[in-house]
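Notes to accompany the following structure.
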Amino acid sequence: SGTNLTLRLLLRSPFIVFGALIMAFTIDRNLATVFAITILILFAVVFAIMLITIPLYRKNQEKLDKVFLSVKENLTGARVIRAFCHEESEIEEFTSRNGTLYKGQMTTGRISGLLGPLTYLVINAAVILLINAGAVKVDNGVLTQGQVIALYNYMAQILVELVKLANLIITITRSLACAARISGALEQEVFDDRKGAVSDKVREEYRVSFENVCLKYNSYSENALEGITFAAKPGETIGIIGATGSGKSS
């Protein structure tokens with residue numbers, strides 16, 4: 001899809017735009033300056049909006065990651081959240097992150113949406129100026145009506161191609177933000193636990209051993225846990241089984 005859009009729009013549009021500009025100069029140089037000024041203004045508008053929206057799209061991707069992280073934390077820690085009665089705080093945090101993402105996307109969308117209306121405004125203003133100046137030259141006998149219609153058709157071709165190019169640039173801007181995000185994820189170093197591995201002999205010599213251990217919080221007079229006894233070698237995993245509120249986290 002991206003290759004198709006690049007071949008059909010990104011490569012074809014400049015040829016049509018500059019080709020129409022050259023053909024306009026062959027008809028009348030004075031009116032062709034309207035084409036040149038219009039193209040310069042349109043390119044300035046397109047690149048200005050692109051430079052503004054690229055950082056905004058990147059920030060929106062970061063905000064989207066935070067929303068996904070909040071959803072993941074709520075799903076994986078649902079039991080813990082209910083056990084400690086943190087439902088309201090988690091809802092407020094998710095609502096805040098989601099609201100920030102919504103505001104960022106709305107702002108970026110409004111700025112990107114200006115590209116289409118501004119393009120039509122500049123082109124239509126140029127068409128009005130072109131027809132007005134062309135009518136004066138037809139009245140003076142400098143140009144024929146067919147030549148003015150030809151200039152209008154060239155301007156219409158520029159309008160169509162630049163609108164397509166503007167929409168493609170918006171898509172490319174979003175793609176660049178997504179590509180930067182994916183590139184950052186791929187550049188992360190993969191943790192290899194084998195680098196810090198020790199020999200089996202050392203594993204046998206060192207271990208963690210608890211014998212009749214108890215735990216008490218400062219705000220309570222009684223022990224929260226009692227009679228904890230276990231031993232673990234390096235690299236071993238210990239699973240603690242118990243109902244919600246039984247003190248597994250402690």
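The model shown is predicted, which means the values in this text are computed figures rather than measured ones.
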Rounded to the nearest 0.5 Å, what separation is found between the [atom1] atom of [X] and the [atom2] atom of [Y]?
X: Tyr57; Y: Glu62; atom1: OH; atom2: CD; value: 15.5 Å
X: Leu42; Y: Ile37; atom1: CG; atom2: CD1; value: 12.0 Å
X: Phe94; Y: Ser96; atom1: CZ; atom2: OG; value: 11.0 Å
X: Thr95; Y: Glu90; atom1: OG1; atom2: CD; value: 10.5 Å
X: Lys103; Y: Asn60; atom1: NZ; atom2: CG; value: 13.5 Å
X: Thr119; Y: Leu114; atom1: OG1; atom2: CG; value: 10.0 Å

Mind listing the closest non-hydrogen atom pair of [X] and [Y] along with its distance?
X: Val148; Y: Gly134; answer: CG2-O, 3.8 Å
X: Gly104; Y: Lys63; answer: CA-NZ, 4.0 Å
X: Thr38; Y: Val34; answer: OG1-O, 2.6 Å
X: Ala133; Y: Leu31; answer: CB-CD2, 3.4 Å

Checklist entry - Do other residues, nucleotides or ligands put more than 12 heavy atoms under 6.0 Å from the NZ atom of Lys137? => result yes

Item to check | Tyr152 atom OH, over 12 foreign heavy atoms within 6.0 Å | outcome: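 Open: at most 12 neighbouring heavy atoms sit under 6.0 Å from OH of Tyr152.
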
[X] with [Y], same ILVMFWY side-chain cluster at under 4.5 Å:
X: Ile22; Y: Ile16; value: no
X: Val122; Y: Ile111; value: yes
X: Phe18; Y: Phe35; value: yes
X: Ile131; Y: Ile149; value: no
X: Tyr120; Y: Val127; value: yes

Heavy-atom distance under 4.5 Å between the side chains of [X] and [Y], does that happen here?
X: Gln147; Y: Thr144; value: yes
X: Ile49; Y: Leu118; value: yes
X: Met155; Y: Ile123; value: yes
X: Ile27; Y: Leu143; value: yes

Checklist entry - Going through the checks in order, is the side chain to side chain contact (heavy atoms under 4.5 Å, CB included) test met by Thr26 and Met23? => result CA-CA 5 Å; Thr26 61; Met23 294 302 298; 4.2 Å; yes

Item to check | Derivation of the salt bridge (Lys or Arg N to Asp or Glu O under 4.0 Å) call for Arg97 and Glu93 | outcome: CA-CA 6 Å; Arg97 291 181 177 180; Glu93 182 179 0; 2.9 Å; yes

Next on the checklist: Using only atom types and a distance under 3.5 Å, with no angle test, would you say the side chain of Thr33 pairs donor to acceptor with the backbone of Asn30?
Outcome noted: yes

